[in-house]
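The structure follows.
Here the structure is a predicted model, which means the values were calculated and not measured. Worth knowing before you read on, the calculation uses all heavy atoms, side chains too, and leaves out hydrogens, waters and symmetry mates.
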Amino acid sequence: MDILMNLRDEAYTRAVDELSDLITSGETLRNEEENIRRFSEQMIYVREIIIKLQSQQSGGQFTCSSATASLLRRMEIAVNNARETIEGYKSKSSLLRLLFCRSVISKLNQSSKEIADVLSLLPLTDIGISLNINSNLDAIIHSLKSMELKLEENTKTIRSRLDLYISEYSDTSLPPLIEAKEVKVGEPINEAYQFTKMLECFSSEMAPPIQRERSTVDEIVSLPNIFFYCPLTLKLMEDPVSVSCNHSYERKAVEDYFSSGHKFCLLCKKELISSSSGKLELTPNPTLLNTISEWKQRNALINAEKNAKKKLRDAAERITFDNMESTNQALEELKAVMKEMPSCISEATDSSCKLVQKLAGLLKKSAGAGNAGLVLWCLLFIARFSQENKETMGRGGVIKCLLKQLKTEPIAAEVLLELSTNDRIAQKIIENKSSIPVLVSLLDNPNSYLAENARAVLKNLSNSISNIILIAKSGHLTPFLDEFNAQGNSEEMRVLMAEELAHMQLTDTAASNLNNENFIFHMTVMLTSSLPASQLASLKCIKRLMAFSGIRITFLSTVSTVSAVLCIITDTATEQQSRKEAFDILISLIDTSHTFEQESYPGLLRLYSYSNIHNLLEQINPSTPDDQVWLLRLLLAMFQKSDTARDWIISDRKAMNHLFSALNLDRNSEVRFNALKLVYCVTGNYPNDVPLPPPDNETTLNSIIAILTKSCIAEEVSIAANIISHLPRGDKRVDTVLQSSTVLKAINALISHANKSNEFLENAFGALLRCIDQSNSSFLIQVGKLEPVIVQMLSTGSSLVKQRAAMILTHLARCTPESSTSLLGTLHFRQPSWKNVFSTHCTVHESCSLQRVICLVKAGAVRPLIDMVDAMNPVAAEVALRALDTLFDNGNPEPSVSQSMFNAVAAGTIVENKGAAPILEVLERGRLPLKKMALELFGKIYKHSDITSKELEKFKAILFYLLNEDDELKKKAKVLLTELF
C-alpha cells in the first residue's frame, strides 16, 4: 500500500510540475494570442485542482492509488504535449507563427480534451470543492468549444496581421503586392513579399466557402504545400536541393543567390557555407521532387474529373425521349466520358441529374430506338462505380428491363452481374419470378460470354440456402452441390437440402452434376446417421436419383452405399418408412441393372453375395407382414436377374423351407402372393422336379392345392398351377392329391378365365400335364372332356401351350380305359378302299375308337398337329410327330384287324391332311432326333397312293443322304431303299 501511495504522490508532483512549466511557456504569449492565453488560464485552474486533490489524498482518505496514478500519468503526457507545442510555436518567427497558428491550436485543442477527460475520471466528488470543480470543468469544455470557433476566424486574423507585418518591415517604395511580377534575390523586403505570395496561392483554401461547389477529399489534398515552393523564386520547384541547414531551394535559384554574395539562408539566417568544405554544398532532394510530381499528377486528375463531371451533366441534360438522334449522341458522349474518367460517375445519381432514371426509361423504350447497347454500357459504368448506384438502379426498374434484353444484348448480362454483387439487389433479382429460369436457360448458350456471365450471376444470387434451392429447382445444381458438399455444413442443413432435392424435377443434364464423389459420400454418411430424418431424407433423395443411369452406376460401384442401405433393412430399430424406402432403392437398383453388370460393380456383388441372401431369407419368418412382403419382393427381383442367386436358394433346402412356409392360405394375402411369385421364379428355373420341403411336405402340398382351388385371385391360381407342374413325379401321395375332380375343375376354370393370357394357359396346361401322369382311367375320362379346348390350343395357343396340348393329346390317345370292352372282335372286315373304311366311326379306328380316351381324328387334331410340324419348331415338331404316331397304334390285341390295313388308313389320314411335305422337310432339315422320328413316320406313309411322285423322289434322295448319317438312320434308310427299289 505504501508503494502505491508513493507512486500516486510522485504522479501528483510530476503533473503539477508539468502544468507549471506549461503555464510559464504560455505567459510570454498570453498578450499576443487570445487562444493560447485562454488555454493558459484554464491550465492555471487545473493546476489548482490537482494541488487541492493532492492535499486531500495525502491525509490517507482515499485508497485508489494505482488508478489515480494512471490517470495523472495520462494528464502528464497531455500537458507535456501541449508545452512542446507552445515551445515550438515560440521558436518561430512572427510570420511563420501566423502560418502555423492553425496547427498549434488544433494540437492544443486535442490536449485540452484529454485533460478534461482525465479530470472527469479523477475522484473529485469526494472532496469538499466538488461543486466548484464541476462548474470549472464546464468552463473548460466551453473554452475548448470557443477555441474551435476561433479556428474558423483564423484566416481573417492571419491576413490582417500579415498586412500589419508588411507595413512595418517593407520599404515604402515597394509596389503593391498584388501587382508584383518578379522577385529580385537578396532584397531586404523579400521575406514579407515571399510569404505574401504564398498566402495568395492558398487564398482559395482560406477564403470562406461562399457559393462553392461541394469539395471532395482529393480537391483538398490537391492544394500545394508551401514547402513545394522555392523561397527565392516563389515557384514550384523542379529540381529541389537541400543546403547545409536542411532547407530546400530550386537548384539554379540558390546557386544564383549564393553567387550574388548572399552567404546566409533566407529562412533561418544560418550560414550556407559548409563547415567541413567551406563551400556551398547542395544535396538533391528526390523525396520532395517525387512529392511535387505526385501533387501535379493528382491536381491534373482533379481538374480532369471536374471537366468530366461537367461533360456528364451536359450530356445527361440532352437525353430526352423526343429527339432520339440527340439522345444517341449524348449516350455516346456519356459512354466515352465514363470510360475515360470513372470518378465523374459520382454525379450520375445526383438528384438534379437524374441520369439513372433517364437511362432506365430509355431501356424500356429501346426496342424501337436501337440504342439499348449504349444505354446498357452507361448503366454498367454507373453500377460499377458504387454500391449506392447499384441500389438506385435496383429501385429504378432496371432489373426487369435487363432480363428482357439478355438474349438480344449480351452486355445486359454483365450489367446484371454487376448489380448482383449487391446483396439487396441480388434479392430483388431473385424476387423476379422469371429471372432464374431465364438465367439458367442461358447457361448452354453458344455465346460463351453470355453463358459465363449468366453463370456468374447465378453464383452471386446463391447467397442463401433458399436461393440456392430455388436455383436448383430451375435446373442449375452447381451452387446446390457446392453448398451441400461444403465442409462444416450442419447435418440439419443437408437434411433440408436432400428433402428438397428428392422432390425436384431434374433433367439428365442437371442430374449429371450430382454424379459427384463428395455428394455420394455425404449421402452415404447420412444413411449411417443416428438421426432418423437424416436417413429418410438421404433414402428419398437416392431413390429419386436412381432414375438417372450415371448416378445409378455410381451407386452400384460404391459398396459402402449399398451396405448402408442393407443395414437399414436389417436393423429392426429403423423406422418403417425408412425401411420401405431402402427396399425400394435396392429393388430399383436390381431392376435397372443387367445380368452382365453383376460382376462389374462391387455394390451388386455385395448385394448378390451368399451371406446377404442368406440373411434376407432368415429374416422372412420373424419379420412383420409388411417387412415380409418387402423382403420377398427384393428376393424375387434378385432371383429374376441373378442366376447365382437362384442357384444358391435352390441348393439351400432351409431357404426353400422359408419360402414354402409362406404359402399357407392363412398367411397375409400379400405375403402369400409374393411368396408364390418367388417360388414360381425358383421352380421355373429348377433343373428337375422341385422336392417338397421336409419334414411336413404334405402340409406344403395341401397349401398349394388350397391356393389353386380356393383362391379368388387369378394370378395366384396361375402361379399355383405352375408350381404343381414342377411337383415331383413318382410320388404316390402327390399323384393321389392331384387326381381329384376339384383340382381338374380348378384347372378348367383357369383355362376358361385365361382371357387369352398365354402365361395363365401355359401354367394351366403344365398343371394338367402333371396331373395325368400316372393317373387312373376315371381321371383320364374326366380330362377327356376337355378335348375341345385342348385341340383348340393346338392352333391358337403360344408355342409352349401348343407343345403341352400336343403332349396331353398324345398321352390320352394312347390310353385305353380299363373298363372298356373290345368290340373289334365282333367286326367283320372286308377289303374296301381306305377312303370309305370305317366311315360310320373314325376313319382310322372305327369302333376301336370307343376304347380310347380321345381320338385325334374325331377330335380334329390331325391338321393342327401337321401345322406344328410344318412350323419347324424343334420341340413343337417333336411332340407333334409323337402325337401323329399314335394314329398307327390300334391299341387292340385282337388279331382280327390287319395292322397293315390299319396303317394304310392312318397313313391316308396324314396324307389327306397334307402331312407328307412337312414330314419330309423335317427329315431333310431337322435335328438328328427329329430326323429319326420323321423317318419312322414317313416310312409308314410313303406307300400310300396319294403320295406324289415328286414327294417320293425327294424321299429317295433324302434316304441316300441319310446313308452318311447316324448308324441307326443309316440302317433304317437301307431298309427303306431296298423296299423302294
Taking atom CD of Glu317 and atom CG of Leu312, what is their separation to the nearest 0.5 Å? 10.0 Å
Would you say CD of Glu255 has more than 12 non-hydrogen atoms from neighbouring residues, nucleotides or ligands within 6.0 angstrom? yes
How far does CD of Glu388 sit from CD of Glu391, to the nearest 0.5 angstrom? 8.0 Å
Ion pair present between Asp314 and Arg318, side-chain N to carboxylate O less than 4.0 angstrom? no
Would you sort out whether Lys309 and Cys344 count as a side chain to side chain contact (heavy atoms under 4.5 Å, CB included), showing the intermediate values? CA-CA 5 Å; Lys309 287 180 178 179; Cys344 74; 3.8 Å; yes
Non-hydrogen atoms of Ile382 and Asn389 that approach each other most closely: O-ND2, 2.9 Å
Shortest non-hydrogen contact from Ser248 toward Ser242: OG-OG, 3.4 Å
In short, Leu266 meets Leu232 closest at the heavy-atom pair CD2-CD2, 3.7 Å
Around atom NZ of Lys263, are there more than 12 heavy atoms from other residues, nucleotides or ligands closer than 6.0 Å? yes
In terms of heavy-atom contacts, Lys390 and Asn422 come closest through CD-CB, 3.9 Å
Nearest atoms (heavy-atom pairs only) where Gly394 meets Ile425: CA-CD1, 3.7 Å
If every non-hydrogen atom of Phe264 is compared with every non-hydrogen atom of Lys269, which pair is closest and at what distance? CD2-O, 3.4 Å
Taking the side chain from Glu250 and the backbone from Glu238, do they hold a donor-acceptor pair closer than 3.5 Å? yes
Sidechain N-carboxylate O distance under 4.0 Å for Glu333, Lys311: no
Atom CZ in Phe227, atom NE2 in His247: separation rounded to 0.5 Å? 7.5 Å
If I take atom SG from residue Cys265 and atom NZ from residue Lys270, how far apart are they, to the nearest 0.5 angstrom? 9.0 Å
Can you tell me how far CD1 of Ile77 sits from CG of Asn80, rounded to the nearest 0.5 angstrom? 8.5 Å
Just wondering, are more than 12 heavy atoms of other shown residues or ligands nearer than 6.0 Å to NZ in Lys296? yes
Would Glu414 and Arg384 count as a salt bridge (Lys or Arg N to Asp or Glu O under 4.0 Å) if you check the C-alpha gap in whole Å, the side-chain angles of each, and the deciding distance to 0.1 Å? CA-CA 10 Å; Glu414 192 166 350; Arg384 284 175 176 172; 2.5 Å; yes
Residue pair Glu305 / Ser343, side-chain donor-acceptor N/O under 3.5 Å: yes
Just how far is it from atom CG of Leu334 to atom CZ of Phe381, taken to the nearest 0.5 Å? 10.5 Å
